[in-house]
Structures are given as structure tokens and as C-alpha cells.
Protein chains: 2
Amino acid sequence: MKSNHTQKNCSNVHLAIQDTLYVVSGKWKLVILAILVNDGKMRFGELSRHAGISPRILSKELQEMEMNKLVSRTVMDTKPVTVEYAATEYADSLKEVIDAMIKWGQSHREAIKES
Amino acid sequence: MKSNHTQKNCSNVHLAIQDTLYVVSGKWKLVILAILVNDGKMRFGELSRHAGISPRILSKELQEMEMNKLVSRTVMDTKPVTVEYAATEYADSLKEVIDAMIKWGQSHREAIKES
DNA sequence: CTGTATCCTAGCTGATACTG
DNA sequence: CAGTATCAGCTAGGATACAG
């Protein structure tokens with residue numbers, strides 16, 4: 001038996017992979033997440049300087065990550081207004097994916113080296 | 001304790017993630033791999049038609065995948081010459097990563113739907 | 001038949017200046 | 001300070017013709 005997958009399952013799987021890729025790929029999303037996880041909540045400007053991301057990109061990334069519930073955005077009642085971003089609990093659910101990627105990436109580098 | 005990671009570990013992890021991302025992201029690599037895994041070895045032209053990828057892109061993708069030991073390339077002694085591509089055993093090692101991505105992608109879609 | 005060369009387009013990314 | 005507008009460069013991906 002070569003394959004028992006239906007077209008529908010195939011589409012679902014493909015879609016699921018694309019959804020995940022959308023969240024983990026790209027130049028900045030995981031970097032931002034790592035910073036927020038390691039260093040805790042941070043304001044927009046801090047994050048921009050800390051990661052070296054220009055405001056335009058950072059804004060776009062944070063919006064997408066907020067839509068995907070990976071970061072929370074809190075407007076603080078200060079003057080002038082400041083905004084704090086933080087990694088959500090839900091972001092932890094990505095850990096399995098990221099760990100799998102780290103593990104494979106490390107052993108892969110070994111595997112390739114031996115040629 | 002917030003973080004006990006060294007700069008070096010951080011770099012390694014980041015590098016490993018990028019290596020994995022390089023292999024699984026992009027529009028075609030996983031599609032090609034899925035086809036070769038499900039339908040077995042296939043010639044260049046077949047693959048091109050089957051997946052609907054133009055030769056230029058397919059060639060580039062296959063070269064990269066071959067460098068990463070994910071596919072094998074066998075020149076057949078036919079006339080005119082034909083070339084068979086197949087998924088390697090090593091490609092199976094990606095399964096954990098892909099499964100993690102499928103799993104997260106599916107549950108994520110549910111998580112987002114509820115908002 | 002396998003692959004490459006050429007040309008083209010759309011989208012991602014970045015620097016910078018600016019608005020509220 | 002947070003975020004957007006504008007402009008510019010780069011890269012991924014694609015159509016097509018062609019070479020070996």
C-alpha cells in the first residue's frame with residue numbers, strides 16, 4: 001500500500017503546514033518571540049532597538065503575531081502613552097515545533113558535514 | 001532564573017532553526033518530497049508536470065534538496081538519457097519536524113477560529 | 001528528455017521622515 | 001513614544017525559449 005490518504009486529508013495537511021510555516025518562517029517572528037520569552041515584556045521602542053528591527057517591519061510582525069495570539073499588546077496608562085508587548089501562554093504551544101526544528105537542524109548539520 | 005543560555009548556545013539554536021527552515025520552507029520543497037514519498041521515484045519531466053512546477057524552479061529545488069541529501073538523482077542509461085529522482089531514507093528524518101508542524105497547524109486553526 | 005538562460009513580476013524587507 | 005507613509009532594493013517565483 002503506497003498511500004491511503006484522501007485528497008481532503010492531503011489538503012488539510014498541506015494547509016496545516018502552511019499555517020505553521022507562516023508563523024515560524026520569515027526573518028523576525030521567532031527572534032521577537034525569543035526576546036519576549038527570555039527578557040519578558042517590552043515596549044515597542046525597546047523591542048525595536050533590542051532586535052534591530054525598523055519600526056515599519058516590527059509593527060507588521062507584531063500585528064500578525066497578535067492576530068495569531070502569540071503576543072499580547074497592552075496600552076499603558078502613561079503620559080505619553082506606552083505599549084507593552086509580551087509573549088502569551090499560548091506561544092508555549094510552539095515549543096514542540098521549535099524543538100523539533102532545532103533538533104533536526106543540529107543533527108542535519110552533522111549529517112551534511114560528513115560528506 | 002530567566003535565562004541560562006550562553007551567547008554561543010543562542011547562536012547554535014538560531015542557526016539550527018534557520019537550517020531547518022531552509023529545508024522545509026519555500027513553496028515547493030515539501031510538495032516535491034511528498035510526491036516522491038507517496039508516488040515513488042519519478043523522472044524530471046514527470047515531476048514537473050505532476051507538480052506543476054516550471055523546469056527552472058524544479059531544477060533549482062532538486063539541486064538544493066540533493067545537496068541536503070533529501071533526494072537522490074540517478075541518471076538512467078537510456079536513449080535519450082532520463083533521470084530519476086527519489087526520496088532518500090534520510091528524508092524520513094524530517095518526519096518528526098513535519099508531524100510537529102502539522103499537529104500545531106491543525107490545532108492552531110482551531111484555536112484561532114474560536115475568536 | 002533534462003536542464004539552463006533570459007526576462008519579468010510581486011512581495012518582502014529596510015531607511016527615513018513624518019503624524020498623533 | 002507608538003506607529004505609518006513613502007520610497008527603494010532585493011529575492012522568490014514564474015513563462016518561455018533554447019541548448020545538450
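Every chain is numbered from 1 and lettered A, B, ... according to where its sequence line falls, protein lines coming before strand lines.
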Using OP1 and OP2 only, check whether a side-chain N or O of A:Tyr85 sits under 4.0 Å from D:dG3.
yes

Shortest side-chain distance from B:Lys60, nucleotide among D:dG13, C:dG14, D:dG3:
D:dG13

Of the listed nucleotides C:dT4, D:dG14, C:dC1, the one nearest the side chain of B:Arg43
C:dC1

Identify each donor-acceptor pair in which a side-chain atom of residues 21-32 of chain B lies under 3.5 Å from a protein atom, sequence neighbours left out, and give them as a table.
| from | atom 1 | to | atom 2 | distance (Å) |
| --- | --- | --- | --- | --- |
| B:Tyr22 | OH | B:Glu64 | OE1 | 3.4 |
| B:Tyr22 | OH | B:Glu64 | OE2 | 3.2 |
| B:Ser25 | OG | B:Leu21 | O | 2.7 |
| B:Lys29 | NZ | B:Glu64 | OE1 | 2.7 |

Base versus backbone protein contacts along nucleotides 15-20 of chain D [heavy-atom cut-off under 4.0 Å; B, S, -]:
B-----

Nearest to the side chain of A:Pro80 - D:dC1, D:dG3, C:dT13?
D:dC1

Would you indicate which nucleotide in C:dT13, D:dG13, C:dG14 comes nearest to any side-chain atom of A:Trp28?
C:dG14

Under 4.0 Å, counting only non-hydrogen atoms across every strand here, what does A:Arg49 touch: a base, just sugar-phosphate, or nothing?
nothing

Minimum-distance nucleotide to B:Phe44 side chain [options: D:dA2, C:dG14, C:dT2]
C:dT2

Kindly point out which of C:dC1, D:dC1, D:dG13 is positioned nearest to the side chain of B:Lys27?
D:dG13

How close do A:Val97 and B:Trp104 get, heavy atom to heavy atom, and via which atoms?
CG2-CB, 3.5 Å

Presence of B:Thr82 side-chain N/O under 4.0 Å of C:dC1 phosphate oxygens OP1/OP2
no

Under 4.0 Å, heavy atoms only, any strand: does B:Glu84 hit a base, just the sugar-phosphate, or nothing?
nothing

Selection from C:dT13, D:dG3, D:dG14 that lies nearest to any side-chain heavy atom of A:Arg73:
D:dG3

